[in-house]
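Throughout, protein chains are lettered first and strands after them, A, B, ... in sequence-line order, and every chain is numbered starting at 1.
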There are 4 protein chains.
Amino acid sequence: MLLEIDLQSEVPIYTQLVNAIVEGIARKRLLPGDALPSVRGLASDLGINLHTVNKAYQILKQEGYVQINRKQGVVVNPDSMPPADQPYRQRLAEQLRPFIADAICRGLTKEQFDELSRSVFEDMRREENSNVD
Amino acid sequence: MLLEIDLQSEVPIYTQLVNAIVEGIARKRLLPGDALPSVRGLASDLGINLHTVNKAYQILKQEGYVQINRKQGVVVNPDSMPPADQPYRQRLAEQLRPFIADAICRGLTKEQFDELSRSVFEDMRREENSNVD
Amino acid sequence: MLLEIDLQSEVPIYTQLVNAIVEGIARKRLLPGDALPSVRGLASDLGINLHTVNKAYQILKQEGYVQINRKQGVVVNPDSMPPADQPYRQRLAEQLRPFIADAICRGLTKEQFDELSRSVFEDMRREENSNVD
Amino acid sequence: MLLEIDLQSEVPIYTQLVNAIVEGIARKRLLPGDALPSVRGLASDLGINLHTVNKAYQILKQEGYVQINRKQGVVVNPDSMPPADQPYRQRLAEQLRPFIADAICRGLTKEQFDELSRSVFEDMRREENSNVD
DNA sequence: GTGGTCTAGACCACT
DNA sequence: GTGGTCTAGACCACA
């Protein structure tokens with residue numbers, strides 16, 4: 001499991017970490033029950049502070065992506081993923097609004113938007129049946 | 001043109017302003033050549049700082065959404081909108097990645113994602129032919 | 001609004017802070033819309049680190065007790081308090097279990113338990129109509 | 001005597017153990033003089049560390065719930081239970097404070113609180129006259 | 001060795 | 001001046 005972080009980005013490091021791990025789960029590089037690196041281990045690997053890693057893990061825990069226990073450390077939630085319920089969908093729609101407004105102004109059609117999002121979907125699912133990692 | 005700002009939101013006010021104005025253009029409530037409220041007027045209307053409004057307008061100018069003239073003040077760019085070129089699409093795909101990864105984890109299908117984004121598209125286009133505002 | 005913290009206690013400082021503020025709201029010393037001290041101000045008043053205060057504020061925000069905005073800092077949620085819904089009641093019952101099991105073993109009757117909890121209730125409500133603070 | 005441990009919980013395992021055993025006594029599944037499982041046996045049953053079980057037993061001993069003999073191992077105190085004396089009541093009141101403050105903020109009445117605690121009391125006493133376990 | 005807590009001190013974004 | 005982020009380094013509880 002390779003995590004790439006851009007220290008220059010405006011996106012906070014802990015957010016990049018959260019995104020990278022969620023993407024790892026989506027790509028099935030990380031499977032339910034898999035252990036994540038220890039806070040200190042990952043921090044030193046990435047050359048960042050352990051608090052930054054900890055914050056990312058706490059967010060993932062709060063959202064239901066991982067469990068934190070005293071024995072194994074942090075593991076991908078083996079029981080369930082966060083639900084695609086109504087509150088989530090509403091939040092997602094709200095978050096997509098600025099992107100879609102921008103797209104409309106630029107003359108991007110719904111079909112082009114779908115095509116673009118499809119390329120992202122497919123990119124993530126490409127590896128699903130071929131994980132040697 | 002109604003602008004709603006949420007002071008509790010984590011999104012910076014100037015970003016909310018930019019988003020609201022871009023959305024106004026997408027909804028065709030704001031047409032090319034239309035004047036935006038003056039910096040002072042908008043700031044006092046919303047009860048926010050002059051600098052905040054100014055920052056939003058500068059960003060809109062830099063992205064090509066508006067022009068700023070000494071005489072007319074700030075007007076929606078009458079000549080063109082920002083383009084849907086390759087760099088833009090790549091940036092958009094990059095920005096959508098975290099949302100799509102999250103959606104995949106939650107079990108949202110591409111079809112459901114499209115359906116959800118369609119509802120946002122349609123919501124914005126509903127008013128296209130009926131703007132007396 | 002006086003906040004007392006016991007630095008020697010086994011209870012984490014940020015938990016003590018959360019408890020003290022919730023109790024302040026229960027006692028109506030803190031009313032909806034009231035501003036809480038700034039992170040730095042409270043930290044220096046209490047002689048503790050600003051991160052510790054910040055953690056307490058973040059928890060209160062997450063639970064819905066306060067709002068954090070860029071202008072006024074942290075304020076007691078003016079719109080609503082957390083709900084007494086079913087998940088909350090179940091959680092509360094779960095948390096009371098060890099205390100009640102202990103009480104039963106010691107021979108404390110339900111009536112004595114109610115009496116004891118009443119004294120706590122009344123202590124908190126005593127000030128309700130007399131806050132000069 | 002069934003002991004359920006939640007490794008994901010924030011509550012330390014030894015505390016969970018203590019709570020579970022006290023609850024077993026309250027439910028009269030464990031009677032004065034009854035032997036508790038051996039440290040080794042319980043640890044391997046639950047898949048946890050010897051030290052953890054030991055710590056729980058030491059706490060129970062210190063509180064007066066059990067006696068530890070060389071011969072019989074750990075037995076529920078046949079002579080007496082911890083008392084419901086004044087120091088205990090004061091401590092209990094202190095521990096209930098955060099819960100009651102929270103309840104008040106959420107609009108839970110004293111009557112609803114009593115009702116909720118009654119359900120816990122009754123749940124524990126339900127089995128009193130029918131323990132074949 | 002794991003995460004949890006706390007400190008001291010720094011820089012930045014926002015208003 | 002506010003909170004948000006990050007660092008460096010420390011001690012402790014838990015297993």
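Distance from the side chain of Q58(C) is smallest to dG4(F) among dT15(E), dG4(F), dG3(E). Of the candidate nucleotides dA8(E), dC14(E), dG4(F), dA8(E) has the atom nearest to the side chain of N49(C). Between dC14(E), dC6(E), dA10(F), one nucleotide has an atom nearer to the side chain of P12(B) than all others, and that is dC14(E). Picking from dG3(E), dT5(E), dT7(E) the nucleotide with the shortest atom distance to the side chain of H51(C) gives dT7(E). Nearest nucleotide to the I68(C) side chain, out of dT7(F), dA10(F), dG3(F): dG3(F).
One interatomic measurement links the two molecules: CG of N54(C) to P of dC6(E), which rounds to 13 Å at whole-angstrom precision. Summarising the geometry, the separation between CD on E10(A) and P on dG4(F) is reported as 18 Å, rounded to the nearest angstrom. For D6(C) and dC6(E), the CG to C1' distance is 15 Å, given to the nearest whole Å. In this structure, CD1 of I48(B) is placed 12 Å from C1' of dC14(E), rounded to the nearest angstrom. The distance between atom CG of L17(C) and atom C1' of dC6(E), rounded to the nearest whole Å, is 13 Å.
Applying the 4.0 Å criterion to OP1 and OP2 of dT5(F), one finds that Y14(A) has a side-chain N or O inside that range. One finds no side-chain N or O of K55(A) lying less than 4.0 angstrom from the OP1 or OP2 phosphate oxygen of dC6(F). Under 4.0 angstrom from either OP1 or OP2 of dT2(E) there lies at least one side-chain N or O belonging to S38(A). Under 4.0 angstrom from either OP1 or OP2 of dG3(E) there lies no side-chain N or O belonging to R70(A). Phosphate proximity of dT7(E) to T52(C): present, with a side-chain N or O under 4.0 Å from OP1 or OP2.
Salt bridge R97(B)/E94(B): present, at least one basic N to carboxylate O contact under 4.0 Å. Salt-bridge formation is detected for the pair E10(B)/K61(C): a Lys NZ or Arg NE/NH1/NH2 atom is positioned less than 4.0 Å from an Asp or Glu carboxylate oxygen.
Remark: dA10(F) base-pairs with dT5(E). Criterion, Watson-Crick or G-U wobble with two distances under 3.5 Å.
Of all non-hydrogen atoms in Q67(C) and P78(C), the two that sit nearest each other are OE1-CD, 3.5 Å.
If you check the side chains of N19(D) and Y14(D), you find no donor sitting under 3.5 Å from an acceptor. Inspection of the N69(D) and Q72(D) side chains reveals an N or O donor paired with an N or O acceptor under 3.5 Å.
For R40(C) against dG3(F), a side-chain N or O and a base N or O form a donor-acceptor pair under 3.5 Å.
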